[in-house]
S.K.: 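I'd like to ask you about the structure that follows.
The figures here come from the full heavy-atom set of this structure, side chains too, leaving out hydrogens, waters and symmetry mates.
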Amino acid sequence: MPELPEVETVVRSIAPHLAGRRILSASFSSKHVTPGNRAALASRLAGRRVESVGRRGKFIVIGLDQGTLAVHLGMTGRLLIQGRPSEHTHGVFTLDDGQLLYDDPRQFGRIEWSAGPPKRVAHLGPEPLEIGFEEFRQRLRRKARVKALLLNQRFLAGLGNIYADESLFAAAIHPLATAARLSKERACRLRQAIREILNEAIALGGSSISDYVDGNGQPGSFQVRHRVYGREGEPCVNCGTPIRRILVAQRSTHFCPRCQKR
DNA sequence: ACTAATGTTGTAGG
DNA sequence: GCCTACAACATTAG
């Protein structure tokens, strides 16, 4: 479910309810979401105060008075400040005022505590909304296909399959193009496209394809603006050519063969 | 029954 | 080291 715009929307929806709250107790039920000793994690969190709630790439980073919680939503994870536990609830945080539930049917998400800065977050590339053009172009100097690079969280942190495809379409770049061979103009266009797509998606609360909702259970609406993702066979909004779907980096990749020449 | 799904990681081979 | 393919993780929906 969650790429940068969805995670950002979740953070914005839950932050006001978490900041300054104390965690009275917590419980976890999935060995996949919370690897290791789940009871130890629960007791570690009991009594902690939430000092900050932020986002880095696709991670939700919750700063505590002792240590940090890094939450990744995987494919189907949800953080909810409303509602009741269900069969797919794998984390329950009881707060001094309110609650926080972690739901995740596929259990690809992770909730991990660390004393210092979270290791998995430390390895992430720059934020796509913050990187400047010079650094962006430097980082593009690689032999990989541009779509594969956009999915690589060490290249940029936060893009996933939807926004990679939408950004490449907006920049009129073929997903199989070699990153290092993009002209300066095309690199500039790509960075701008990423910024515009992500900002517009955040403004619309993210894309709700099947699962995604924010912390209040509200879906986003950017899916109605998708121009290639999930539109295989439908006419390109620019030229009417049927949108094509191919596999790149083992992921479905949607593009217009006429607007996005190699 | 089969396929694909907003993701990440580890392994193997070129 | 870089790059790609593939499997694995677990569940649901078409």
S.K.: Would you say dC9(C) has OP1 or OP2 under 4.0 Å from some side-chain N or O of Arg106(A)?
M.R.: no
S.K.: Give a yes or no on whether the backbone of Leu176(A) and the side-chain of Arg262(A) come within a donor-acceptor separation of less than 3.5 Å.
M.R.: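 Judged by distance alone, yes, a pair lies under 3.5 Å.
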S.K.: Within the pair Gln107(A) and dC9(C), is there a side-chain N or O less than 4.0 Å away from OP1 or OP2?
M.R.: no
S.K.: Which nucleotide wins on minimum distance to the side chain of Arg145(A), given the candidates dC3(C), dG7(B), dA5(C)?
M.R.: dA5(C)
S.K.: Using only side-chain N and O atoms of His32(A), determine if any of them is under 4.0 Å from OP1 or OP2 of dA10(C).
M.R.: yes
S.K.: Ignoring the backbone of Pro105(A), work out which of dA5(B), dT4(C), dT11(C) is nearest its side chain.
M.R.: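 In terms of side-chain proximity for Pro105(A), the closest of dA5(B), dT4(C), dT11(C) is dT11(C).
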S.K.: Could you identify the nucleotide paired to dA10(C), looking across every strand shown and requiring Watson-Crick or G-U wobble geometry with both distances under 3.5 Å?
M.R.: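 With both distances under 3.5 Å required, dA10(C) matches none.
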S.K.: Among dC6(C), dA5(B), dG7(B), find the nucleotide with the atom closest to the side chain of Tyr229(A).
M.R.: dA5(B)
S.K.: What are the two closest heavy atoms between Gln153(A) and Leu151(A), and how far apart are they?
M.R.: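 Looking at all heavy atoms of both residues, the closest pair is NE2-O, 3.1 Å.
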S.K.: To the nearest Å, how far apart are Lys31(A) NZ and dT11(C) P?
M.R.: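 Computing the Lys31(A):NZ to dT11(C):P distance gives 10 Å.
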S.K.: Starting the side chain at C-beta, find the nucleotide from dA5(C), dC3(C), dT9(B) nearest to Gln250(A).
M.R.: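 Per side-chain heavy atoms of Gln250(A), the pick is dA5(C).
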S.K.: Looking only at non-hydrogen atoms, find the nearest pair between Leu4(A) and Glu127(A) and report the distance.
M.R.: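 The answer is CD1-OE1, 3.8 Å.
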S.K.: With under 30° as parallel and over 60° as perpendicular, where do the rings of Phe59(A) and His72(A) fit, or are they tilted in between?
M.R.: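 Ring orientation of Phe59(A) relative to His72(A): perpendicular.
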S.K.: Can you check the Asn152(A) CG to dG7(B) C1' distance for me, whole Å?
M.R.: 13 Å
S.K.: Between OG of Ser86(A) and CG of Leu101(A), what distance do you get to the nearest 0.5 Å?
M.R.: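 Ser86(A) OG to Leu101(A) CG: 8.0 Å, rounded to 0.5 Å.
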S.K.: Are any of Lys58(A)'s side-chain N or O atoms less than 4.0 Å away from OP1 or OP2 of dT8(B)?
M.R.: yes
S.K.: Can you tell me which nucleotide in dC3(C), dT8(B), dA4(B) comes closest to the side chain of Ser252(A)?
M.R.: dA4(B)
S.K.: Think Arg251(A) has a side-chain N or O under 4.0 angstrom from the OP1 or OP2 of dG7(B)?
M.R.: yes
S.K.: Classify Arg110(A) by what it touches in the nucleic acid, base, sugar-phosphate, or nothing, heavy-atom distance under 4.0 Å.
M.R.: nothing
S.K.: Using a cut-off of strictly less than 4.0 Å, decide whether His72(A) has a side-chain nitrogen or oxygen near OP1 or OP2 of dG7(B).
M.R.: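 Answer is no, no contact under 4.0 Å.
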S.K.: Answer yes or no for this row: Phe108(A) ring on dG7(B) base, centroids under 5.5 Å, planes under 30°.
M.R.: yes
S.K.: Side chain of Ala144(A): nearest nucleotide among dT4(C), dT11(C), dT8(B)?
M.R.: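 Of dT4(C), dT11(C), dT8(B), dT4(C) is nearest to the side chain of Ala144(A).
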S.K.: dT11(C), dT8(B), dA4(B): which one has an atom nearest the side-chain heavy atoms of Arg245(A)?
M.R.: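 When the side chain of Arg245(A) is considered, dA4(B) is the closest of dT11(C), dT8(B), dA4(B).
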S.K.: Measure from the side-chain heavy atoms of His88(A) and tell me the nearest of dA10(C), dT11(C), dG7(B).
M.R.: dT11(C)
S.K.: Would you kindly give the CG-to-C1' distance between Asp104(A) and dA10(C), to the nearest whole Å?
M.R.: 9 Å
S.K.: How many whole angstroms separate atom CG of Leu247(A) from atom P of dA5(C)?
M.R.: 9 Å
S.K.: Expressed in angstrom and rounded to an integer, what is the separation of His254(A) atom NE2 from dA4(B) atom C1'?
M.R.: 10 Å
